[in-house]
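For reference, the structure discussed in these notes is given below.
If you read the sequence from its start, that first residue is 1, and numbering goes on from there. Atom set for the values below is all heavy atoms of this structure, side chains included, hydrogens, waters and symmetry mates excluded.
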Amino acid sequence: MASEKLFSEFPPVSTEEWTNLIQKDLKGADFEKKLVWETQEGFKIQPFYRKENLKGKEWLLSNLPGKFPYLRSTRKLTNDWSIRQDIDTPDLKTAKELAVEAIGNGVSALGLVLADVGSGRKGIQIKNEKDLAFLLEGLPLNEITLHFVAEEKSPELYSWLPRNKTLVGGLGYDPYRILVRQGHSGGHSPETLKPILTELAGKWKNFRALTVHSSTFRDSGSTIVQELAYTLALGSEYLFRLGELGVSPEVVNSQTIFQFTIGPDYFLEIAKFRAARTLWAEIFSSYSSDKGEASLPFIEAETARYNYGIYDLHNNILRGTTEAISAAIGGAEIINVLPFDHLLQPADSFSLRIARNVQLLLKHESYLDKVADPSSGSYYIETITDQITEQAWKLFTEVEKDGGFLECLKSGKIQTSILESRKKKEENYSTRKEIFLGTNQYPNSKDKIQNKDLNKNIKSSGIASSANELKVSALPEFFAGDAIEEIRMKTEDYETKNKTSVKVLLLPLGDLKMKKARAIFSLNFLGCAGFNVIDPGSYETSEEAISGIQKENPQMLVFCSSDEEVTSYVKEILPKLKSKPLVYVAGYPKEILSELESAGVNGFIHVRSNLLETLSDLQKRMGIQ
């Protein structure tokens, strides 16, 4: 019995047989259009993969965890990772209390976000060595790793570090990130990094000076392939520049953390982490012959700031959870789940607790930390790992051929490439080709932003200029919900200023199926602007609708009827109205558009409407902007 193979009595099923069965279920619909997904990177994802898809690439399955080129993790036996949390509240005392609480409840990597120009957050007000000493006093530094987000303040912060203690973690310094974000270097360069890096390598070998941030690109709108290629190109640039300054590649790598952003593309994100290790092993081998521990990439992961919204905040918990799972399965050494409300305000006790509990559940209930490389053997993930590796390597080599990361930054090639991707993302969110739940689809109309002093993209005067500094085109941060959220906040500001509610009354009339469907569509569509959309459920007659209009006195009406019925309702109702609200029709009946417009209809909302353009136009018509 023990020697019998599971399912041995079942005959094998070929790919052709599977495909034929799917085609039958599709009932003649196009297989490519229905089931094959084309990524923004330009390669196609099939609905299923089989062993034959890995023909000629068997090494993807045979490579062992902990073995060069580290496709299947840098660890041999487990998949354990450190749980990181960042503290960014401005008040020193509160920051310390939150840090102690986090450490006492499962956090093993503590991040301290300083008030600075580059982080885009308010941050802790650490102004001198005394403030830092107060914050660190009593923390179990022998039990946790300590990380900083200090951007341009990193060199100054380094001078404040307690030399009488042994630190493990990272300073978080990334001079080229400052250049990209600010548009000028302000005196930050590999030359300012070198003395810090070499001193740390000798004093605290496990406290890393350099962090290469992929968020520089991903939180500006890049694709996954761009993020991977440009991050590795930036890492290669540091190896080259610091090498010119006399620092060996082995020392540079031992002092480097790759901090990757985790976005919403679940399986692609898993594949990205696996591809990152393989590609870095290849890149590092060009600088060093060491294929052992000195070549290991140290990877930290952080949930994407751009993929968090400021409305319907609990959606961010779901986003952070799936992103954290991607990073865990992908084999990150440290994972940081950002608090669900961190774009609104500095994290408090509750939001930090929810964020760390996400990871505690992944460990103690899902056991994702128990098995090395949990995704191994999945033909789907192995195949897309290979595809992402190939695409990222192609882009990386193009950067190298053009002189490397810095030269491509100076020429604007990297910025142009990312801004093109960003424009495509903005278009997708505006047209709802990509759904951002709670913002461009199914909004919570009762949700309001009480405090407009948001903890995202904090405006500042920028870093000070310096003599002979580098200057490039800056890459600003990108947030998926930005454009729609700005429209919604304008509605709220208008209502507060005018002490009124922007009312939209739906007029569900006629055919039951059509009026319900179009009312639901209109409720979601117009709710994204923060309008008070009133759905009465149903009106049986035009007289009932007129009575409802007189009662609510809305600024806008939306007829929700079938194409065949809507004209008669428009002609029956509009002439009898004393007020003159905006009048829209849900749907786009091409044959009668001019007739409806002549009868007083101002516009149409439908599935092909550009959400952003339509809502912006409505606000202008209502005098909101």
Side-chain H-bond candidate by donor/acceptor type, S288 with E250, under 3.5 Å: yes

Closest non-hydrogen atoms of L179 and S185, given as atom of the first, atom of the second and distance, are CD1-N, 3.6 Å

Below 30° counts as parallel, above 60° as perpendicular, anything between as tilted: where do the rings of F405 and F217 land? perpendicular

Here the pair of heavy atoms bringing L242 nearest to P190 is CD2-O, 3.7 Å

Tell me if the aromatic rings of F68 and Y70 count as close, with their centers under 6.0 Å from one another. yes

Rounding to 0.5 Å, atoms CG (L228) and CD1 (I388) come to a distance of 7.5 Å

So does R241 pair up with E237, basic N to acidic O under 4.0 Å? yes

L114 and V149, any side-chain heavy atoms less than 4.5 Å apart: no

Is the shortest distance from a Lys or Arg side-chain nitrogen in R356 or E101 to a carboxylate oxygen in the other one below 4.0 Å? yes

Measuring from atom CD of Q259 to atom CD of E300, what distance do you get when rounded to the nearest 0.5 angstrom? 4.5 Å

May I ask you to check whether Y49 and Y380 place their ring centres under 6.0 Å from each other? yes

Would you check if there is a donor-acceptor pair between the side chains of T74 and E333 at a distance under 3.5 Å? yes

Please verify the inter-ring angle class for W280 with F284; under 30° counts as parallel, over 60° as perpendicular, anything in between as tilted. tilted

Just so I know, are the side chains of E382 and R274 near enough to count as touching, which here means a heavy-atom distance under 4.5 Å? yes

Supply the atom-to-atom distance I463 CD1 to Q182 CD, rounded to the nearest 0.5 angstrom. 5.0 Å

Does the pair D373/R75 count as a salt bridge with the N-to-O cut at 4.0 Å? no

Nearest-0.5 Å distance that lies between atom OH in Y173 and atom CD1 in I257: 16.0 Å

Is there a donor in the side chain of S222 and an acceptor in the side chain of E227, or the other way round, less than 3.5 Å apart? no

How are the rings of Y308 and H342 set to each other: parallel, tilted or perpendicular (split at 30° and 60°)? perpendicular

Pair D386 + K57, salt bridge at N-O below 4.0 Å: yes

Mind checking the CG-CZ spacing from N307 to F436? Nearest 0.5 Å is all I need. 5.5 Å

Shortest non-hydrogen contact from A229 toward A392: CB-O, 3.5 Å

